[in-house]
Amino acid sequence: MTSPLPRPLPALTAALAATALLAGCSAGPPDQDPAGAGASPSEGDAGSPAAPSAGPAGPDLPEAADGTDLEACADAECEVLVEAGDEFAMDGTHGVDRFVVDAVDGEGLGMSGFGPGIELSGHLPPPDGDQPPTFVMNGFTITLVAVDGSTALMTLSP
């Protein structure tokens, strides 16, 4: 005979999900120190860009204007390095409150956007040639600039 789980479990799950969303967490290997964790106060100064969550970008990946600062994307205007599992809150201007990077690999970039009553998703193939692939999500454009292994450089623009 099994007993039902206590009722507070859904509330705890929602609280943990909200904390992860607000923190701009990324899913990296379990043995990896999250960007800035364990750093001395002088290593994580506000003026210096955050380290990529997947480690240093490969040689084929250009530097991103906003580094890995996913909070810079809240207004749908940024250039960031991302990896699968990254997510960030958006200001809702385009009907999207949360943006999730579903996949980054040799197949390109998979992403989802969530808002009140909507769930949008798309996929961009790896860039090939002069014109990088773009995807319009509810009024803002996602451009896949480059992919190197499990890290991608993407831009959001209104």
Side-chain angles (χ1 to χ4, degrees), residues 16-40 42-115 118-158:
L16 290 173
T19 301
L21 175 64
L22 292 174
C25 290
S26 66
D31 62 331
Q32 182 177 352
D33 188 27
S40 69
S42 63
E43 290 177 298
D45 293 352
S48 61
S53 54
D60 296 329
L61 208 53
E63 188 172 322
D66 296 306
T68 58
D69 181 12
L70 301 179
E71 292 178 11
C73 298
D75 62 354
E77 192 164 1
C78 63
E79 179 181 72
V80 291
L81 293 170
V82 295
E83 65 179 12
D86 283 349
E87 61 181 78
F88 52 89
M90 296 187 71
D91 64 13
T93 301
H94 298 281
V96 176
D97 298 30
R98 183 171 59 108
F99 186 95
V100 178
V101 177
D102 298 319
V104 176
D105 55 28
E107 299 294 316
L109 172 71
M111 78 296 277
S112 299
F114 302 90
I118 64 167
E119 181 176 334
L120 308 164
S121 63
H123 179 266
L124 290 169
D128 184 26
D130 294 335
Q131 206 59 282
T134 62
F135 179 81
V136 177
M137 182 181 286
N138 231 32
F140 65 95
T141 302
I142 301 126
T143 303
L144 180 55
V145 178
V147 176
D148 187 19
S150 63
T151 306
L153 174 60
M154 75 170 192
T155 64
L156 300 184
S157 57

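Residues take their numbers from the sequence shown, with the count starting at 1. Both backbone and side-chain heavy atoms feed into the values below; hydrogens, waters and symmetry mates do not.
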Do [X] and [Y] have side-chain heavy atoms sitting under 4.5 Å apart?
X: Leu70; Y: Val80; value: yes
X: Glu119; Y: Ser112; value: no
X: Met111; Y: Met154; value: no
X: Leu156; Y: Phe88; value: yes

Donor-acceptor check, side chain of Asp97 to backbone of Gly115, threshold 3.5 angstrom: yes or no?
no

Do His123 side-chain atoms and Glu107 backbone N/O form a donor-acceptor pair below 3.5 Å?
yes

Ignoring hydrogens, what is the shortest heavy-atom contact between [X] and [Y]? Give both atom names and the distance.
X: Pro133; Y: Pro127; value: CD-CA, 3.7 Å
X: Ala65; Y: Glu79; value: N-OE1, 2.7 Å
X: Arg98; Y: Val96; value: O-CG1, 3.4 Å
X: Leu109; Y: Val101; value: CD1-CG1, 3.7 Å
X: Val104; Y: Val82; value: CG2-O, 4.2 Å
X: Ala84; Y: Asp102; value: CB-O, 3.8 Å

Excluding sequence neighbours, so at least two apart, what forms side chain to side chain donor-acceptor pair (under 3.5 Å) with Asn138?
none

Straight-line distance of Phe114 CZ to Glu87 CD, nearest 0.5 Å:
8.5 Å

Give, for atom SG of Cys78 and atom CG of Asp69, the distance between the pair rounded to the nearest 0.5 Å.
9.0 Å

Test of understanding: with side-chain contact (heavy atoms from CB on, under 4.5 Å), list the residues that count as partners of Pro126, not counting sequence neighbours.
none

Can you spot which of Thr155, Thr143, Leu144 makes a side-chain contact (heavy atoms from CB on, under 4.5 Å) with Pro132?
Thr143

